[in-house]
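One structure is given here, and the rest of the page talks about it.
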Amino acid sequence: MKIITDIEEMKEFSRNLKKTSKKVSFVPTMGKLHAGHKKLVEEAKKYGEAVVSIFVNPMQFAPNEDFNTYPRDIESDAEILSDINTSCLFYPSGDIVKNNETFLIDPKYSEQFEGVFRPGHFQGVLTIVMKLFCIVEPDFAFFGLKDYQQYILIKKMAEDYFLDVKIIPVETVREKCGLALSSRNGYFDEEGKKAACAFYEALRKTADLFKTGEKSAEKLTYFVIKELINSGFAIDYARIADKGLNGGKRTVEQGDILLAAARFKKIRLLDNIFFG
Ligand code: PAF
């Protein structure tokens, strides 16, 4: 596996791949890799040469968030990527965001769901992903469905800017209890872990209620809120939208999505489930 830290070298590596008619399959990450990331890379490999970036992007953390303590383990990450036959690890330095004065924003979607609770987050995400796309010039890029709003925003960005990259969503990898894998799961103690499992369980029960015939968005939303409160959560939001993230639904249909974020003590959880 080639490890590249230099921006120009990364551009050259990608362009050389393309010269030999290979496709560049890109997985942007912030590292501390887990089985969810491995699944993204396995998917990426089906489409071309897998290039994975690791960069903990300061632009997407608010001052009160965990940028300084965000888990980092580049040695172990590099080993994991090499073991699964990643072609290239791009590990840029902070220079990639140094002196940055232009930003990408998406006013419509950024101010809903996560955007309300993490102001500036999606501006940081879109800006870094655009920078990475300009450097790596991927043919395909892979994003986990756990961060559904992020996936939708990046897909929209690629369309709006006529980027030659196809954005591919990848299913969330879960623990046995349903908890979505996340680099932040290491923050949980035993009590937190139990609560985290209850979080997805509440979403799952709501999707089950839909399956048994309840179609009212109000009743389903009320149900999930009650479940979360009973499990000890302080809720940031629990909302139902269509797959394009348009809310305001009265009747829930197959293919709609329930998105939720809630806090248990200091731990914040984010997840979603499709109604099927
Ligand atoms: O999902 C993530 O890990 C990050 O938001 C991303 C897409 C790598 C941008 O920093």
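In listed order, ligands and their atoms are each counted from 1.
- Both the sub-6.0 Å distance and the 45° axial angle are satisfied by R72 relative to the ring of F67.
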Enumerate donor-acceptor pairs with a distance under 3.5 Å from any side-chain N or O in residues 214-222 to protein atoms, sequence neighbours excluded.
residue	atom	partner	partner atom	Å
E214	OE2	S216	N	3.1
K215	NZ	F210	O	3.2
S216	OG	E218	N	3.3
S216	OG	K219	N	3.0
T221	OG1	A217	O	2.6

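- The heavy atom nearest to atom 10 (O) of ligand 1, out of those in M59, K32, Q60, H37, is found in Q60.
- Geometrically, R174 engages Y200 in a cation-pi contact defined by less than 6.0 Å to the ring centre and at most 45° from the axis.
- Each of the following atoms of ligand 1 lies closer than 4.0 Å to a heavy atom of Q150: 1 (O), 2 (C), 4 (C), 5 (O), 7 (C).
- Remark: R239 qualifies as a cation-pi partner of F113 under the 6.0 Å distance and 45° angle criteria applied to the six-membered ring.
- No part of I154 comes within 4.0 Å of ligand 1, judged by heavy-atom distances.
- Every atom of ligand 1 is numbered from 1 in the order shown, and the set under 4.0 Å from a heavy atom of I128 is 9 (C), 10 (O).
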